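Owing to the predicted nature of the structure, the values given are computational and were not obtained by experimental measurement. The figures that follow rest on heavy atoms only: side chains count, while hydrogens, waters and symmetry mates do not. We name chains A, B, ... by the order of the sequence lines, and we start the count at 1 in each one.
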Number of protein chains: 4
Amino acid sequence: MRKDPESMRKSPRQSRAQQTLDDIFEATARIFEAGTPAPLNTNKVAERAGVSIGTLYYYFPNKQTLLRAMALREIKRQEARFLACIAAARPEGRYAVARAVVREAMAPLNGRKEVRRYLMVQVGLEPVVHQSLYAALNRVTDNLLEAVEIDPVIVSPERHFLLLRAMLGPVRAAALNVPQMLASPAFENELVTQFVAQLTALQSEPPR
Amino acid sequence: MRKDPESMRKSPRQSRAQQTLDDIFEATARIFEAGTPAPLNTNKVAERAGVSIGTLYYYFPNKQTLLRAMALREIKRQEARFLACIAAARPEGRYAVARAVVREAMAPLNGRKEVRRYLMVQVGLEPVVHQSLYAALNRVTDNLLEAVEIDPVIVSPERHFLLLRAMLGPVRAAALNVPQMLASPAFENELVTQFVAQLTALQSEPPR
Amino acid sequence: MRKDPESMRKSPRQSRAQQTLDDIFEATARIFEAGTPAPLNTNKVAERAGVSIGTLYYYFPNKQTLLRAMALREIKRQEARFLACIAAARPEGRYAVARAVVREAMAPLNGRKEVRRYLMVQVGLEPVVHQSLYAALNRVTDNLLEAVEIDPVIVSPERHFLLLRAMLGPVRAAALNVPQMLASPAFENELVTQFVAQLTALQSEPPR
Amino acid sequence: MRKDPESMRKSPRQSRAQQTLDDIFEATARIFEAGTPAPLNTNKVAERAGVSIGTLYYYFPNKQTLLRAMALREIKRQEARFLACIAAARPEGRYAVARAVVREAMAPLNGRKEVRRYLMVQVGLEPVVHQSLYAALNRVTDNLLEAVEIDPVIVSPERHFLLLRAMLGPVRAAALNVPQMLASPAFENELVTQFVAQLTALQSEPPR
DNA sequence: GATGAATGAGAATTCATTCAT
DNA sequence: GATGAATGAATTCTCATTCAT
């Protein structure tokens, strides 16, 4: 990996190019979920995507850039899913929203677990990536507060930051160590309870 | 990496050998903390440790085994630190204990961050390692509960699992995205507050 | 070729290592003289040297460095040959020295032509290399002047610079375009005549 | 590079096509003079020329052919410049002609140095190219002799060959190692002196 | 005439590991 | 116990060239 430009080499101008790009992304994802133990390699990605290795490097100047692009894509997708489930649960009230968010956090780990693990490991430390994740979580939190009718401005930055992350950390730990916990209603209930407790606290006590 | 015996080749009894081992561990750790972006390789470790690559392979049959041993060592050290700070704060009561644990969680990330990240990435999926981490956190939680005089048996496994992890996740996220938050008293207070709230809840509400 | 450190990775400490190094150098040279049309590649060099590709990279961090080391070695060898032939011809007087130098310039092109061409093309522009060549030619010129009993200090830098190069340029051109000229006594005589004329001029006319 | 027809695929008759060709040539030249260290590649040439890679391959069946065409073009241009400066200086006599030729040799190296180096390296060994260069220098020499009123037929092939080359070699060496020498009047004078000395010798001594 | 996406053989380089000394 | 030279399979990446549109 010689150079490391921030972004892709080419923005596709022909329609087939967009298809190729998607093929590459999906192939990369599938390799992980298929449980290949060996670490990703560009030849495998290309082969699995049904394109030549040259094509892969036509779009991405190096492996890092491909992984970075995938990470940003996963982050966007996850944000969209959170926003969607919040919107769907909103009419049913605060409790429903909390539960929806918790479930969404627990759900996708079955099926997208490996890609994310790997991506976060490989490019998670890159500023572009973790800042993008940070921004996405901020937007989700804002959206969530709005859905449960809490004015975001009364929430201190620290609480804002904690709200989702106090839940996401344990979920990830469970996925790794005690996968069966992800299927346990008791665990889900506990997370929802704490989540709602946080939301309630946001209103009763004035932010510092 | 052809073979992968569970443990180290030799348990050195001579002090010189123990010194060599420690050198190797510390060299590996320093490579990360020095911010080397390039991925670790065994030759680099050996050179940095001031031993020959042959010596490294005399002690460890392969790279995995070295990394695994390091991971287990880090886990043990972290457990010891938690236990120590709990013991120290115990006489001052529940609040002090909570704050001590939060501070310990926030502190070491400055200085040992990279090694851990890398180790967890490389060998974190190995059962020996994540089970060891799981067990260590369990012991710390038990110790903590005992220190604040809560009977562990009345605590549901889910709550037991959540207690520390609801705090560790956000702390890691902060270290990555908003490092200045780790120095913010507001953030620390928030974590302590939620932590104490959890402890209190453990007593008032009976587990499911 | 990622990085480009000035020099070799390792200085051999074991005796077999020096042998390996020589093998690599000679193999590289032989590949050219064998008339392989395709440009040099590191795998071929290793194979021809009878070492593995890993060994080659154990000594040289990259291809550039190998070529640079070879270029410097060729320059040193050529200098040595010039100095030797000057010393040998010295007792026979100015004319003999001039002819010896001209012959030496014409001779090695049969047998070492291709390596040099390639090396000068590949690394000739690198400061280390062309400065080394410059210095070598300076030393040869000084030695030559001394051999014909001309005090170097009375020679202007411009004339000093021209003395050998006015001959080397045409020799190279002939080697490329009219190889049979290198075997022609008339050509040799012409070069010797001009060379002696230059030497004579150095004494009669005071330097500017 | 599979096939290698001697010449260009199409002799463009439309002015647009000629423009495209010139763009390609100039782009290639500029890549070098801009000091790009990375070796030339056809995609870069096309991009820099503002044409698609497909267009480049419409005009040239392969890379060799493009480079060869460029080399022949450079040679022609340089010949034209020499002939022009000889013609211009002719009325002012032998000394003026000699100085004009020396200056022309020194001048263009600032600005066209890299392209020529590269071209001579890449295609300089091809018979078409070096014979073309040889012929061009022959014509310039003939023209020069005529301008100073020396009958070419009395000049031996060896002296004919040496006349210009004894000057061109040192000029190139100076450009590489001691660029400031190219601006030094002393160096220019020295070259002119030797050049005139050669011309004079051509008349006084009968060729062998 | 022109485009640019796609190809794939081939080249450079890495690094875990072995083994003679 | 210790050394470090040597290995080579595996991986990343390049670039001349083709061809459907």
Can you measure [X] atom [atom1] to [N] atom [atom2] for me and round it to whole angstrom units?
X       : N      : atom1 : atom2 : answer
D/Asn62 : F/dC15 : CG    : C1'   : 14 Å
D/Leu56 : E/dG1  : CG    : P     : 16 Å
D/Arg48 : F/dC15 : CZ    : C1'   : 17 Å
B/Gln64 : E/dC15 : CD    : C1'   : 14 Å
D/Tyr58 : F/dA16 : OH    : P     : 22 Å
C/Glu47 : E/dA12 : CD    : P     : 13 Å
D/Phe60 : E/dA2  : CZ    : P     : 13 Å

Could you tell me which residues satisfy side-chain hydrogen bond (donor to acceptor under 3.5 Å, both in side chains) with [X], sequence neighbours excluded, listed by chain and number?
X        : result
B/Ser132 : none
D/Gln122 : none
A/Arg73  : A/Glu26

Practice item. Please round to the nearest 0.5 Å and tell me the distance separating atom CG of B/Leu119 and atom CE of B/Met70. Key: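 Output value for this atom pair is 5.0 Å.
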Exercise for review: Compute whether any side-chain donor of one residue and acceptor of the other, for A/Asn43 and A/Glu47, lie under 3.5 angstrom apart.
Suggested key: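 Absent: no donor and acceptor within the cut-off.
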Check your understanding: Taking atom types as modelled, is there a side-chain donor on D/Thr65 or D/Asn62 under 3.5 Å from an acceptor on the other?
Key ->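 Side-chain D/A pair, D/Thr65 to D/Asn62: present.
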Exercise for review: Identify, with sequence neighbours excluded, every residue that meets side chain to side chain contact (heavy atoms under 4.5 Å, CB included) alongside A/Leu40.
Suggested key: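 Residues passing side chain to side chain contact (heavy atoms under 4.5 Å, CB included) with A/Leu40: A/Thr28, A/Ile31, A/Phe32, A/Val45, A/Leu67, A/Tyr118.
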Show the distances under 3.5 angstrom between N or O atoms of the protein and N or O atoms of nucleotides 8-11 of chain F.
from	atom 1	to	atom 2	distance (Å)
F/dG8	N7	C/Gly54	N	3.2

Check your understanding: What pair of heavy atoms forms the shortest contact from B/Leu56 to B/Thr42, and how long is it?
Key ->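 It is CD1-O, 3.8 Å.
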Check your understanding: Minimum heavy-atom separation for C/Ala71 to C/Val123, with atom names?
Key ->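 Looking at all heavy atoms of both residues, the shortest contact is CB-CG2, 3.7 Å.
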Practice item. Choose from F/dT3, E/dA16, E/dA2 the nucleotide whose nearest atom is closest to any side-chain atom of D/Tyr59. Key: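 Side chain of D/Tyr59 sits closest to E/dA2.
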Check your understanding: Can you tell which of F/dA16, E/dT3, E/dG1 lies closest to the side chain of D/Tyr57?
Key ->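 Between F/dA16, E/dT3, E/dG1, the one nearest the side chain of D/Tyr57 would be F/dA16.
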Study note, to complete from the structure: Intra- and inter-strand pairing of DNA chain E, written as dot-bracket with Watson-Crick and G-U pairs under 3.5 Å and | for the latter, reads .||||||||||||||||||||
